[in-house]
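Notes follow once the structure below has been shown.
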2 protein chains.
Amino acid sequence: MDPLHPNPLILKLEQFTKLSPEDKHALNLAACEGVRQIGARADIIREGDRPQSLNLILSGWACRYKHLEDGRRQIISFFLPGDLCDSHVFILRQMDHSIGSLTPVTFAQIPRRRVDEITLKHPRITQAFWWDTLVNAAIQREWVVSLGQRDALERMAHLMCEIFLRLQAVGQTDGHSCDLPLTQAGLADAMGLSVVHVNRTLQELRSSGLIVLKGRTLTIPDLSALQDAAQFNPNYLHLDAEGRHFDANE
Amino acid sequence: MDPLHPNPLILKLEQFTKLSPEDKHALNLAACEGVRQIGARADIIREGDRPQSLNLILSGWACRYKHLEDGRRQIISFFLPGDLCDSHVFILRQMDHSIGSLTPVTFAQIPRRRVDEITLKHPRITQAFWWDTLVNAAIQREWVVSLGQRDALERMAHLMCEIFLRLQAVGQTDGHSCDLPLTQAGLADAMGLSVVHVNRTLQELRSSGLIVLKGRTLTIPDLSALQDAAQFNPNYLHLDAEGRHFDANE
DNA sequence: CGGTCCCTTGACAGCCGTCAACTACCGTGG
DNA sequence: CCACGGTAGTTGACGGCTGTCAAGGGACCG
């Protein structure tokens with residue numbers, strides 16, 4: 001019944017508002033449904049496919065991406081544990097982008113019917129899903145700002161700050177460290193940079209002491225210094241329990 | 001009762017699904033509420049403000065934007081007539097970006113209560129609002145692709161295609177032409193380019209015959225040629241009546 | 001008619017991409 | 001045990017797309 005201790009979706013939504021035991025129970029049930037496991041570099045759904053269900057990432061990293069005809073590739077966003085791949089995506093007739101795994105991923109395929117049922121019975125979850133949608137939109141906007149205005153160093157630093165805070169929200173950080181299972185090629189596709197320049201930028205961040213990156217572990221010795229280097233303002237993540245007026249009274 | 005003939009929001013939502021007379025009536029009523037007019041280059045809401053209502057653009061152009069501390073500015077998206085500024089934005093405690101007018105703008109400030117009421121009584125509208133949210137997210141993603149992968153020429157061409165089709169969806173095109181009330185500085189802030197380079201790029205598009213841009217009128221003699229130049233695929237706009245299974249039977 | 005906004009043009013510089021080669025690491029298999 | 005191949009990371013040289021700086025022109029307005 002409660003296979004995930006704790007369920008990262010619940011952890012994330014509780015950044016917005018406290019859920020009731022019934023709310024959590026419903027979410028846990030949903031997260032047990034249609035659980036799938038795939039290896040790294042596999043597609044969860046492809047551009048052109050018809051979305052049938054809501055995908056919830058339970059463990060591992062995935063990403064949205066899009067290919068251009070000539071082979072260029074842009075990673076559009078990252079999915080971390082607890083992330084929903086668009087709570088109402090099945091409203092659309094076909095996917096306009098693909099979602100693929102970066103690491104081995106465990107995810108739940110929640111049928112549309114179940115989503116409708118949950119949102120109908122649990123208004124607090126409905127609110128929380130809207131919050132999640134709005135935060136994802138805000139993250140996407142911030143990527144636009146990064147790609148449009150920030151240079152390579154700021155861009156990379158900004159991404160590190162974002163990932164660290166998002167992982168922290170679902171309990172996946174360890175002190176000043178977190179997992180970063182991305183190759184430099186992955187970072188390049190996400191940041192609109194070449195692999196070579198990602199490499200140079202990482203070395204600059206390392207040599208200035210702003211990050212320590214060994215293997216797939218990222219350490220940020222001084223988060224506020226990194227934030228300064230990136231002109232990072234965490235407000236767009238809306239992690240301040242903004243829905244607390246909506247808290248369940250337990 | 002029906003001050004806008006036709007209401008651009010209804011035109012847009014009917015790209016997704018046919019609305020019933022009652023649906024349309026409810027939307028028209030909402031669009032009459034709290035109507036405001038502002039001049040060009042004024043803010044509708046600012047970063048840090050608390051969102052209280054849903055803003056609906058009735059006429060004119062607006063944009064989301066964000067300033068960095070050192071003065072850089074990124075336009076994150078454009079609002080055209082019929083666009084909603086996030087149907088549920090009031091769930092958030094504070095704005096993480098600003099929304100400002102580019103031209104004189106008429107917009108409706110629809111109180112949160114009214115939005116809740118409409119979505120409760122009109123499930124078809126609720127679906128259509130979700131569709132609108134998903135399409136806006138898709139547009140935002142496409143901007144990430146443009147900023148990350150496309151060079152200046154493709155980027156500009158892509159934007160022209162997008163704007164033309166979006167305006168067409170709300171009946172604001174005239175043959176191969178549409179309004180484009182943006183200065184080159186505005187285009188620069190949106191595309192992450194300098195004003196000088198925007199100028200050069202526009203001239204290249206003009207001299208290759210892909211666009212005609214005089215004053216604030218954009219003409220696209222051959223849309224498919226422009227689409228080819230931009231590697232533009234309209235699928236992300238989801239304008240193919242994807243919600244037709246949900247149509248009201250009139 | 002001076003001022004402002006917007007557009008335009010040329011010269012030059014720099015950030016970042018491309019190309020190419022090299023190293024390190026790891027799992028496989030002879 | 002070591003050869004081998006593939007992936008990931010690293011480095012240097014070079015070039016180009018795009019930014020910056022600067023100046024000038026046209027349109028509109030008080």
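Everything quoted here is computed from the prediction, not taken from an experiment. Letters A, B, ... are given to chains in the order of the sequence lines, protein chains preceding strands, and every chain is numbered from 1.
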Next on the checklist: Considering every strand and a 4.0 Å limit on heavy-atom distances, what is the contact class for Gly192(B): base, sugar-phosphate, or nothing?
Outcome noted: sugar-phosphate
Next on the checklist: Mind checking if Arg216(B) touches a base, just sugar-phosphate, or nothing, with heavy atoms under 4.0 Å?
Outcome noted: nothing
Next on the checklist: For Asp228(A), give me all partners under side chain to side chain contact (heavy atoms under 4.5 Å, CB included), at least two apart in sequence or on another chain.
Outcome noted: none
Item to check | Where chain B begins and ends its contact with DNA chain C, read 5' to 3' at 4.0 Å from heavy atoms | outcome: dC6(C) to dA11(C)
Item to check | side chain to side chain contact (heavy atoms under 4.5 Å, CB included) involving Val135(A) - partner list, sequence neighbours excluded | outcome: Trp131(A), Ile139(A), His238(A)
Item to check | Mutual orientation of the aromatic rings belonging to His158(A) and Tyr236(A) [parallel < 30°, tilted 30-60°, perpendicular > 60°] | outcome: parallel
Checklist entry - Which residues satisfy the side chain to side chain donor-acceptor pair (under 3.5 Å) test with Ser59(A), sequence neighbours excluded? => result Thr106(A)
Next on the checklist: With a sphere of 6.0 Å drawn around NE2 of His176(B), does it hold more than 12 non-hydrogen atoms of other residues, nucleotides or ligands?
Outcome noted: no
Checklist outcome for this item: Minimal heavy-atom distance between Val145(A) and Gln74(B), with the atoms involved, is CA-CG, 3.9 Å
Checklist outcome for this item: Those residues at least two apart in sequence (or on a different chain) that pass side chain to side chain donor-acceptor pair (under 3.5 Å) with Glu154(B) are Arg72(A)
Item to check | Boundaries of the DNA chain D segment in contact with chain A, non-hydrogen, under 4.0 Å | outcome: dA8(D) to dA13(D)
Checklist outcome for this item: side chain to side chain contact (heavy atoms under 4.5 Å, CB included) filter on Arg36(A), not counting sequence neighbours, yields Phe107(A), Gln109(A)
Item to check | Sequence neighbours excluded, every pair satisfying salt bridge (charged side-chain N to carboxylate O under 4.0 Å, His left out) that has a member inside residues 197-219 of chain B | outcome: Asp179(B)-Arg216(B)
Checklist entry - Which parts of residues 152-161 of chain A get close to DNA chain D, meaning a heavy atom less than 4.0 angstrom away? => result none
Checklist outcome for this item: Sorted by chain and number, sequence neighbours left out, side chain to side chain contact (heavy atoms under 4.5 Å, CB included) with Ala40(B) holds for Pro104(B)
Checklist entry - In residues 193-208 of chain A, which ones come under 4.0 Å of DNA chain C, going by heavy atoms? => result Leu193(A), Ser194(A), Val196(A), His197(A), Arg200(A)
Checklist entry - What bend angle does the helix from dC1(C)-dG30(D) to dG30(C)-dC1(D) show across its length, from five-pair end axes and to the nearest 10 degrees? => result 20°
Next on the checklist: Using a 3.5 Å distance criterion without hydrogens, assess whether the side chain of Arg155(A) forms a donor-acceptor pair with backbone atoms of Arg150(A).
Outcome noted: yes
Checklist entry - Of Ile57(A), Ile99(A), Leu58(A), which meets side chain to side chain contact (heavy atoms under 4.5 Å, CB included) against Val105(A)? => result Ile57(A)
